[in-house]
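One structure is given here, and the rest of the page talks about it.
Reckoned from all heavy atoms, side chains included, excluding hydrogens, waters and symmetry mates. Letters A, B, ... mirror the listed sequences (proteins, then strands); counts begin at 1. No experiment lies behind these values; they were computed from the predicted model shown.
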Amino acid sequence: MSSKGIVKRSEDFSKWYNELVLKADLAEHSDVRGCMIIKPYGYAIWEKIKDQLDIMFKETGHQNAYFPLLIPKSYLSKEAAHVEGFAKECAVVTHYRLKNSEDGTGVIVDPEAKLEEELIIRPTSETIIWNTYKKWIQSYRDLPILVNQWANVVRWEMRTRLFLRTSEFLWQEGHTAHATKIEAVEETEKMLEVYAQFVQEFMAVPVIKGVKSENERFAGAEETYCIEALMQDGKALQAGTSHFLGQNFAKAFDVTFADKEGNKNHVWATSWGVSTRLMGALVMTHSDDKGLVLPPKLAPIQVVIVPIYKNEDQLLEISEYANSLIKELKSLNISVKFDNDDNKKPGWKFAEYEMKGVPLRIAIGPRDMENQTVELARRDNLSKSTVSQLDLPNLLLETLNLIQNDLFTRSSLFLKENTYSANSIDQMIEILDAKGGFIEAFWNGDSKSEHKIKELTKATIRCIPLNENQTGNCILTGEPNSKKVIFARAY
RNA sequence: CGGGGUGUAGCGUAGCCCGGUUAUCGCGCCUCGUUUGGGACGAGGAGGUCGCAAGUUCGAAUCUUGCCACCCCGACCA
């Protein structure tokens with residue numbers, strides 16, 4: 001690899017992703033296995049994601065709260081399926097103190113300081129939250145509880161990738177409590193809709209909404225709703241999940257409420273989350289061989305201005321114009337950076353901002369100043385044009401909107417073009433081996449068939465699409481009246 | 001956690017098989033000057049526990065063992 005650029009997607013998609021994340025300054029590996037350092041530029045994108053989602057959660061009536069990182073080990077085991085799902089990947093705190101080692105070479109765990117009850121670092125917070133909700137809920141008047149928390153969680157993963165799967169990751173987890181099943185199901189579906197809207201409208205990533213098969217369901221859920229996205233290499237990525245938890249956690253933690261008639265009932269629950277994995281989806285959906293491509297709505301810098309000059313006077317003149325332009329752009333809520341760093345040449349800056357995915361670049365040189373123009377370059381399609389300085393701010397605003405739309409149009413087309421239907425296992429394997437993608441096929445609903453298909457094709461059922469009533473013959477068994485599902489090889 | 005690979009300056013690397021002066025080169029970094037419309041050029045300079053630990057040896061980047069990290073492929077997963 002040269003110190004410039006990154007490997008091509010067509011050569012090694014996985015390597016391309018890794019290099020891009022590092023070179024675009026999004027994140028790097030920490031010294032602790034499986035953990036990542038999210039760098040300021042990467043974190044700025046995450047903050048944009050977070051801020052927008054937070055607005056949307058609040059618009060739908062939710063409030064933020066914070067529950068502890070450490071959870072008593074015993075809580076996890078209260079819900080059988082839940083402990084089954086998470087026990088194998090929990091970090092455990094066993095001691096609360098260190099002391100100097102006797103040979104003076106460092107510190108050791110103080111064996112005297114063993115915890116009576118070991119604590120686990122949350123892999124998710126259902127247990128501690130439901131243990132708390134028990135205290136919060138007595139009557140139907142206490143319901144619904146609509147709470148979200150922004151937090152970090154730890155799942156001890158065997159194989160990690162920056163953003164896509166790390167041992168510690170950032171996410172939000174919504175946890176709601178309801179008096180009726182209908183209301184809880186509605187909440188689950190509502191939040192799935194919020195996710196779908198956010199991902200499509202802000203990330204410009206098209207998704208398929210559906211529910212998971214039993215195998216793929218969240219540990220402890222009655223039903224897991226999800227949005228599934230398709231990456232450029234033809235692999236699927238689960239972008240968000242929303243779970244209808246039924247009364248499982250209410251029963252496990254004995255959370256009941258008195259209804260209007262005074263009858264005691266168990267509370268109905270939901271939980272839903274998206275994580276820093278969305279960053280991975282963002283990268284793998286839009287970016288190209290020159291680096292990151294960001295949708296304007298999530299770009300920390302939407303417009304970069306690069307001056308081109310031969311002497312101080314020219315720079316001064318360009319700066320003067322640039323500063324007045326910046327003022328106008330700020331009033332239009334466009335984030336802009338004027339890069340007048342004299343140590344870097346324009347060509348270097350061009351490449352750098354392309355790597356970082358800045359949607360629009362303006363280059364201004366003496367020639368432009370003379371003609372009252374600027375050179376405008378779009379990151380998404382790499383087009384360049386010379387445009388008038390007159391009414392430039394509005395043009396930029398329009399172009400940013402255009403880019404946002406074009407990205408979504410393009411990724412939607414990709415999704416459409418890479419969604420196939422298959423009538424036989426052989427055909428499915430053939431398609432998957434050739435180009436990946438989503439495969440629509442019929443499935444008899446049996447877990448055993450699902451496992452068998454996975455064994456044969458390495459593809460899993462990504463989801464059973466919502467509002468899909470079509471039936472046909474099962475791709476494995478040929479059974480009639482099987483339901484239509486989406487298969488793919490997945491991250 | 002299994003199989004394979006890699007680890008040498010901030011980054012990328014040569015040297016390792018076959019042990020022997022002061023560890024190679026490029027990029028980046030610092031200073032000065034010239035430059036600036038697609039990753040500039042010259043001169044000078046700084047920068048190294050050769051992943052970590054132990055062992056073999058007169059002598060280890062090089063050989064042996066263990067450990068760690070990362071990458072690829074499996075199993076598991078958001």
Side-chain angles (χ1 to χ4, degrees), chain A residues 1-7 12-15 17-19 22-23 28-36 84-89 105 123-124 153-173 195 212 215-219 224 226-229 236-243 271-281 290-291 306-312 314-315 318 339-355 361-371 373-375 377 382 384 386 454-455 458 460 462 490-491:
Chain A
M1 184 185 70
S2 77
S3 64
K4 303 166 186 175
I6 48 180
V7 73
D12 187 340
F13 191 83
S14 182
K15 196 171 180 190
Y17 175 82
N18 292 332
E19 289 183 359
L22 296 173
K23 291 218 166 184
E28 62 189 48
H29 292 279
S30 88
D31 287 346
V32 178
R33 178 193 164 79
C35 293
M36 70 175 158
E84 173 74 19
F86 287 107
K88 288 166 295 198
E89 43 188 337
T105 54
T124 178
V153 288
V154 170
R155 297 179 188 176
W156 214 261
E157 297 292 346
M158 304 208 163
R159 210 173 136 192
T160 59
R161 308 260 328 259
L162 291 172
F163 292 117
L164 297 174
R165 175 166 299 104
T166 45
S167 287
E168 180 190 13
F169 56 91
L170 305 184
W171 77 345
Q172 59 67 217
E173 42 180 328
Y195 288 154
K212 288 291 187 189
N215 282 331
E216 303 280 328
R217 207 174 277 160
F218 174 76
T224 287
C226 63
I227 48 174
E228 292 286 325
L237 184 77
Q238 179 174 307
T241 49
S242 183
H243 314 290
S271 70
W272 27 274
V274 295
S275 71
T276 35
R277 178 179 245 201
L278 286 179
M279 296 282 293
K290 285 180 179 288
V306 177
I308 295 155
Y309 54 93
K310 293 203 195 316
N311 55 52
E312 274 299 306
Q314 286 180 352
L315 176 60
I318 293 166
D339 188 349
N340 57 358
D341 184 348
D342 192 43
N343 292 314
K344 306 267 195 289
K345 289 191 56 168
W348 190 93
K349 293 176 185 174
F350 293 174
E352 177 69 7
Y353 291 111
E354 277 162 6
M355 184 63 76
R361 181 187 71 228
I362 292 172
I364 315 170
R367 226 156 51 210
D368 291 306
M369 290 311 290
E370 203 174 305
N371 302 330
T373 59
V374 301
E375 183 194 78
L382 298 168
K384 283 196 284 198
T386 300
K454 184 179 178 185
E455 205 181 301
K458 291 179 191 155
T460 50
R462 299 321 302 155
Y491 275 96

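Base contact: A:S275 has a heavy atom under 4.0 Å from a base atom. Counting any heavy atom pair closer than 4.0 Å across all strands shown, A:P307 reaches no nucleic acid atom. A:L237 comes within 4.0 angstrom of nothing in the nucleic acid, heavy atoms only. Nucleic acid contact class of A:T460 (heavy atoms, under 4.0 Å, all strands): none. Nucleic acid contact class of A:E354 (heavy atoms, under 4.0 Å, all strands): base. Looking at heavy-atom distances under 4.0 Å, A:G280 makes no contact with the nucleic acid at all. Residue-level contact check: A:F169 touches the bases, meaning some heavy atom is under 4.0 Å from a base atom. Using a 4.0 Å heavy-atom criterion, one finds that A:N311 contacts no nucleic acid atom at all.
Between A:K345 and B:G37, a side-chain N or O to OP1/OP2 separation shorter than 4.0 Å is present. The phosphate of B:A75 has neither OP1 nor OP2 within less than 4.0 Å of any side-chain N or O from A:K454. For B:C72, one of the phosphate oxygens OP1 or OP2 lies less than 4.0 angstrom from a side-chain nitrogen or oxygen of A:N18. Between A:S14 and B:C71, a side-chain N or O to OP1/OP2 separation shorter than 4.0 Å is absent. Between B:U36 and A:K310, a contact under 4.0 Å exists linking OP1 or OP2 to a side-chain N or O.
Rounded to a whole Å, the CG atom of A:L162 is 15 Å from the P atom of B:A69. We find that CZ of A:F350 is positioned 9 Å from P of B:G39, with the value rounded to whole Å. Atom pair A:K458:NZ and B:C73:P shows a separation of 10 Å (rounding to whole Å applied). If you measure from atom CG of A:D341 to atom C1' of B:C29, you get 14 Å, rounded to the nearest angstrom. Note: CZ (A:F86) to C1' (B:C76) measures 13 Å, nearest angstrom. Between the CD atom of A:E157 and the P atom of B:C71 there is a distance of 14 Å, given to the nearest Å.
Among B:G39, B:U36, B:G74, the nucleotide with an atom closest to any side-chain atom of A:R159 is B:G74. Of all nucleotides listed (B:C72, B:U35, B:G38), B:C72 comes nearest to the side chain of A:R161. When the nucleotides B:C70, B:U36, B:A75 are ranked by their closest atom to the side chain of A:M158, B:A75 comes out on top.
RNA chain B is contacted by both A:E216 and A:G34; A:G34 maps to the nucleotide lying nearer its 5′ end (nearest heavy atom per residue). Residues A:T166 and A:E352 each lie close to RNA chain B; by heavy-atom proximity, the contact nearer the 5' end of the strand is made by A:E352.
For RNA chain B, if you chain together Watson-Crick or G-U pairs that step i with j, i+1 with j-1 and so on, the runs of at least three with distances under 3.5 Å are B:1-7 with B:68-74, B:10-12 with B:25-27, B:29-34 with B:40-45, B:51-55 with B:63-67.
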Legend entry - Worked check of side-chain contact (heavy atoms from CB on, under 4.5 Å) between A:R361 and A:E354: CA-CA 9 Å; A:R361 181 187 71 228; A:E354 277 162 6; 3.2 Å; yes
Inset, instruction - Please assess A:K212 against A:E228 for the test salt bridge (Lys or Arg N to Asp or Glu O under 4.0 Å), listing each intermediate value before the final yes or no. - result: CA-CA 10 Å; A:K212 288 291 187 189; A:E228 292 286 325; 2.7 Å; yes
Inset, instruction - Give the intermediate values and the outcome of side-chain contact (heavy atoms from CB on, under 4.5 Å) for residues A:M355 and A:I6. - result: CA-CA 9 Å; A:M355 184 63 76; A:I6 48 180; 3.9 Å; yes
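Here A:E168 contributes atom CD and A:T276 contributes atom OG1; the two are 9.0 Å apart, rounded to the nearest 0.5 Å. One distance of note links OG1 of A:T224 with CD of A:Q238; it measures 8.0 Å at 0.5 Å rounding.
Under the 30°/60° scheme for interplanar angles, the aromatic rings of A:Y195 and A:W272 are found to stand perpendicular.
A:K384 contributes a side-chain N or O that forms a donor-acceptor pair with the base of B:G38 under 3.5 Å.
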